[in-house]
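Scroll down for the structure; my scribbles are underneath it.
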Amino acid sequence: MSTEFYDSEAKRLLDNPLHYQVLDADPTQQIAERIRKAIKNMVSKGSISPKVGPNLLPPDPKPGRFYFLPKIHKEGNPGRPIISGNGTATEKISEFVDLLIQPLVPALPSYVKLQTHGTAMGTKMAPSFANLFMGDLEKRFLSQQPDTPILWLRFHSKFATN
């Protein structure tokens, strides 16, 4: 992929006002401050422990980083936009939520696990959240069908980093 194509496709994606808007300033510190206050409030109310609370916000949060991967199966290879959550004000919260919901995923009737190497894109809780969403959607969909399969499985790949 040429630099020219990458730059023009990134511009095309970022210029879409339905998905992105130009900001006058970086809101990262204001977002971090709102999160800091919410965490402090939750700790004072006993909603989360004083040991967990301080670990839910990175010391120096950064804005998310935009990049895209080409959709090689589509004509012209349009980009699939990704905002990396690494180092952002919500990264640690996402990781914490993932720890809470990850144990629910294997209980889904369609769960099949395959451990591979690689990395998940987006936030840390995205794979678990997507699996829970799909499990609920499958259950509701199948319950409304006159004929249902004897066995319904959905491939699940848990990505791990080395």
Side-chain angles (χ1 to χ4, degrees), residues 1-74 77-106 108 111 113-137 154-162:
M1 172 186 326
S2 73
T3 302
E4 293 80 20
F5 172 78
Y6 191 92
D7 289 347
S8 68
E9 182 61 9
K11 180 170 176 25
R12 184 189 71 79
L13 291 166
L14 291 170
D15 282 347
N16 184 338
L18 294 174
H19 303 288
Y20 301 99
Q21 66 181 11
V22 176
L23 302 177
D24 295 328
D26 178 3
T28 303
Q29 294 312 314
Q30 289 87 354
I31 293 168
E33 187 55 35
R34 287 176 61 194
I35 293 171
R36 197 173 284 110
K37 286 178 183 175
I39 290 170
K40 185 177 178 182
N41 185 32
M42 291 169 65
V43 168
S44 70
K45 289 183 176 183
S47 300
I48 55 175
S49 93
K51 290 182 179 180
V52 171
N55 295 307
L56 294 180
L57 188 66
D60 185 27
K62 307 284 188 248
R65 285 163 305 287
F66 170 89
Y67 66 98
F68 73 86
L69 297 176
K71 297 179 186 178
I72 60 172
H73 61 288
K74 295 207 173 174
N77 306 120
R80 176 182 311 279
I82 299 169
I83 305 296
S84 171
N86 292 344
T88 65
T90 58
E91 178 188 22
K92 301 288 185 182
I93 294 170
S94 178
E95 188 173 1
F96 180 66
V97 169
D98 187 50
L99 287 172
L100 297 175
I101 66 175
Q102 204 174 54
L104 303 174
V105 175
L108 296 171
Y111 176 79
K113 179 180 178 181
L114 173 67
Q115 183 77 31
T116 62
H117 296 285
T119 183
M121 293 182 288
T123 65
K124 293 184 188 306
M125 70 177 183
S128 296
F129 182 81
N131 278 298
L132 291 174
F133 174 84
M134 289 303 299
D136 180 63
L137 182 67
R154 183 170 37 85
F155 177 75
H156 168 75
S157 177
K158 171 155 173 93
F159 293 97
T161 57
N162 288 339

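All residue numbers refer to positions in the sequence shown, counting from 1. Quantities reported herein were computed from a predicted structural model and do not represent experimental measurements.
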Measure across [X] and [Y] and return the closest heavy-atom pair with its distance rounded to 0.1 Å.
X	Y	value
F96	V52	CE1-CG1, 3.8 Å
L18	N16	N-OD1, 2.8 Å
N86	E91	OD1-OE2, 3.6 Å
G87	P58	O-CG, 4.2 Å
D98	P103	O-CD, 4.5 Å
E9	G79	OE2-N, 2.8 Å

Q) Within a strict 4.5 Å, meaning less than it, do heavy atoms of the T28 and P61 side chains meet? A)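 In contact.
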Q.
Less than 4.5 Å apart, side chain to side chain, heavy atoms only: is that true for L13 and F68?
A.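 Result yes, sub-4.5 Å side-chain heavy-atom pair found.
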(Q) Tell me every residue that passes side chain to side chain contact (heavy atoms under 4.5 Å, CB included) with H73, counting only those two or more places apart in sequence or in another chain. (A)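 By the side chain to side chain contact (heavy atoms under 4.5 Å, CB included) rule, H73 matches K71, R80.
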**Q.** Residue list, side chain to side chain contact (heavy atoms under 4.5 Å, CB included) with A38, at least two apart or on another chain
**A.**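 For A38, no residue satisfies side chain to side chain contact (heavy atoms under 4.5 Å, CB included) once neighbours in sequence are set aside.
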Check for a donor-acceptor pair, side chain of [X] on one end and backbone N or O of [Y] on the other, with a separation under 3.5 Å.
X	Y	result
S2	F5	yes
Y67	A10	no
R12	D7	no
S94	T90	no

Q. So how far is it from F66 CZ to L14 CG, rounded to the nearest 0.5 Å?
A.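 Result: 4.0 Å between the selected atoms.
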Q. Roughly how far apart are S49 OG and M42 CE, rounded to 0.5 Å?
A.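 Answer rounded to 0.5 Å: 10.5 Å.
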